[in-house]
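Heads up, the thing below is written out as structure tokens.
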Amino acid sequence: MAVLPTPTHRLDRLSAELGIDLWIKRDDLTGFAFGGNKGRKLEYLLGDLLSRNVQAVVTCGSAQSNFVRQLGVACALFGLRCVADVMEHPYEPGRQPARSAPGRSDQEGNALLSRWAGVELRWHDDGPWDELFEHAQRSAESLKAEGLTVEEIPVGGSSPLGAYAFVQATREAQGFDHVVCPCSSGSTHAGLGYAFCGTPTKVVGIACDPEPELVDELARLSRGLDEIEGLAKRLGPDDFDLRTDSVGGGYGIPSDDGREAFELMLRTEGIFLDPVYSAKAFAGLIKMARRGELTGRTLFWHTGGLPSLFAPGAMWAVPVK
Ligand SMILES: *Cc1c(COP(=O)(O)O)cnc(C)c1O
């Protein structure tokens with residue numbers, strides 16, 4: 001499915017602009033179902049599902065989830081039924097974002113692409129993530145009641161196997177002093193951080209969810225990686241460098257500095273970022289560069305996500321409170 005390795009190239013004009021030696025990892029070009037980081041995870045996740053003769057999968061996320069889109073296409077290829085419980089903006093309890101609602105739509109962006117792939121989208125009113133997990137659990141139970149072999153896939157494909165895809169990806173990204181990536185469901189950061197831990201390469205994840213507790217999830221995924229790799233790295237939360245200063249108004253809510261980062265990347269290098277993840281991660285990288293933290297060679301991991309540029313209210317033109 002994924003076309004690997006993805007290109008890794010220097011950003012000459014941005015390097016000059018920011019005064020650092022900046023390179024980019026083009027996982028926006030993984031080549032499968034509009035690209036993005038989930039293509040790497042799905043190589044391993046689908047292999048696992050097929051080896052166990054799973055017939056249907058249930059996952060959940062935001063309606064504009066890139067993972068739902070790519071999982072749905074992968075399921076179509078291999079004849080698996082794919083159900084996704086979605087909310088427009090799931091949130092952490094007590095952290096409901098204030099915003100002007102663009103309205104529910106499955107006619108744009110990832111939601112439309114997911115439907116084209118044959119994903120059964122089950123919509124729910126916005127609520128906390130835990131509520132969404134319960135909906136997914138109920139969907140899985142109903143499919144089991146139909147006699148199907150069902151697997152629940154965690155949000156964003158962030159199982160240890162999903163993280164393992166990013167342990168493998170580090171083979172394509174050797175020789176850097178810093179690697180900066182977005183972090184949301186965690187397996188991208190967990191895999192990169194796990195593989196580079198104990199090497200001269202420092203990995204920094206820029207949080208796209210307002211959750212400093214994400215580091216506990218990274219530690220949990222790394223314990224799963226210990227089992228897959230047969231290693232005893234035993235990484236804890238302190239082994240992961242997660243920055244939460246670029247989240248803005250919350251998960252899925254475009255931020256002002258994300259918009260500046262988006263425009264800088266587009267107008268300097270001709271590369272589009274997405275408003276939910278990669279623009280915020282690049283905004284985080286710019287802050288690090290301005291603080292003088294990025295000496296040596298820096299690699300920005302572009303994780304894709306471009307279909308959400310065409311989602312209702314995804315863009316910065318919509319006023320966000
Ligand atoms: C899912 C996603 C991320 C976050 O990766 P995680 O492994 O979930 O932390 C970043 N960028 C894009 C475009 C994504 O779709």
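It should be emphasised that the depicted structure is a prediction, and the values quoted were computed from it without experimental measurement. One-based numbering, in listed order, for ligands and for the atoms of each.
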Mark up the atoms of ligand 1 that fall under 4.0 Å of a heavy atom belonging to [X], in ascending order.
X      : answer
Gly304 : 13 (C)
Asn66  : 13 (C), 14 (C), 15 (O)
Cys183 : 9 (O)
Gly186 : 6 (P), 7 (O), 8 (O), 9 (O)
Gly305 : 13 (C)
Lys41  : 6 (P), 7 (O), 8 (O)

Side-chain contact test, heavy atoms from C-beta onward, threshold under 4.5 Å: evaluate it for [X] versus [Y] and give yes or no.
X      : Y      : result
Cys183 : Leu218 : yes
Leu77  : Met1   : yes
Asn37  : Tyr277 : no

Rounded to the nearest 0.5 Å, how far does CZ of Arg290 lie from CD1 of Ile20?
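The CD1 atom of Ile20 sits 10.5 Å away from the CZ atom of Arg290.
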
If I take atom OG from residue Ser139 and atom NZ from residue Lys144, how far apart are they, to the nearest 0.5 angstrom?
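Separation between the atoms: 11.0 Å.
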
For atom 9 (O) of ligand 1, which of the options Pro307, Ser308, Ser184 provides the nearest non-hydrogen atom?
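Looking at heavy atoms only, Ser184 sits closest to atom 9 (O) of ligand 1.
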
Going by heavy-atom distance to atom 7 (O) of ligand 1, choose the closest among Leu214, Asp274, Thr188.
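Selected option, by shortest heavy-atom distance: Thr188.
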
Indicate, as side chain, backbone, both or neither, the part of [X] found under 4.0 angstrom from ligand 1 when only non-hydrogen atoms are considered.
X      : answer
Asn37  : side chain
Ser187 : both
His189 : neither

For ligand 1, is Ser278 a contact, meaning one of its heavy atoms is under 4.0 Å away?
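The answer is no, since Ser278 has no heavy atom less than 4.0 Å from ligand 1.
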
Determine, using heavy atoms of Gly36 and all atoms of ligand 1, whether some pair is separated by less than 4.0 Å.
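It does not, in that no heavy atom of Gly36 comes within the 4.0 Å cut-off of ligand 1.
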
Is the terminal nitrogen or CZ of Lys25 (NZ for Lys, CZ for Arg) located under 6.0 angstrom from the six-membered ring centre of Phe166 and within 45° of that ring's axis?
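Geometry flag: not set, cation outside 6.0 Å or 45°.
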
salt_bridge(Arg259, Glu263) N-O dist < 4.0 Å:
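Yes.
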
Under a 4.0 Å threshold between the charged nitrogen and the carboxylate oxygen, would Arg220 count as salt-bridged to Glu217?
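Yes.
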
May I ask you to identify the nearest protein heavy atom to [atom], giving residue, atom name and distance to one decimal place in Å?
atom                    : answer
atom 8 (O) of ligand 1  : Ser185 OG, 2.5 Å
atom 10 (C) of ligand 1 : Thr303 OG1, 3.2 Å
atom 15 (O) of ligand 1 : Lys38 NZ, 2.7 Å
atom 12 (C) of ligand 1 : Tyr277 CD1, 3.3 Å

Would you sort out whether Asp239 and Tyr194 count as a side chain to side chain donor-acceptor pair (under 3.5 Å), showing the intermediate values?
CA-CA 9 Å; Asp239 293 307; Tyr194 184 91; over 6 Å; no

Determine, stepwise, if the pair Glu17 / Arg267 fulfils salt bridge (charged side-chain N to carboxylate O under 4.0 Å, His left out).
CA-CA 12 Å; Glu17 172 91 22; Arg267 296 178 189 184; over 6 Å; no

Quick one: sort the His135 and His124 rings into parallel, tilted or perpendicular, breaks at 30° and 60°.
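Judged by the thresholds at 30° and 60°, the geometry between His135 and His124 is parallel.
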
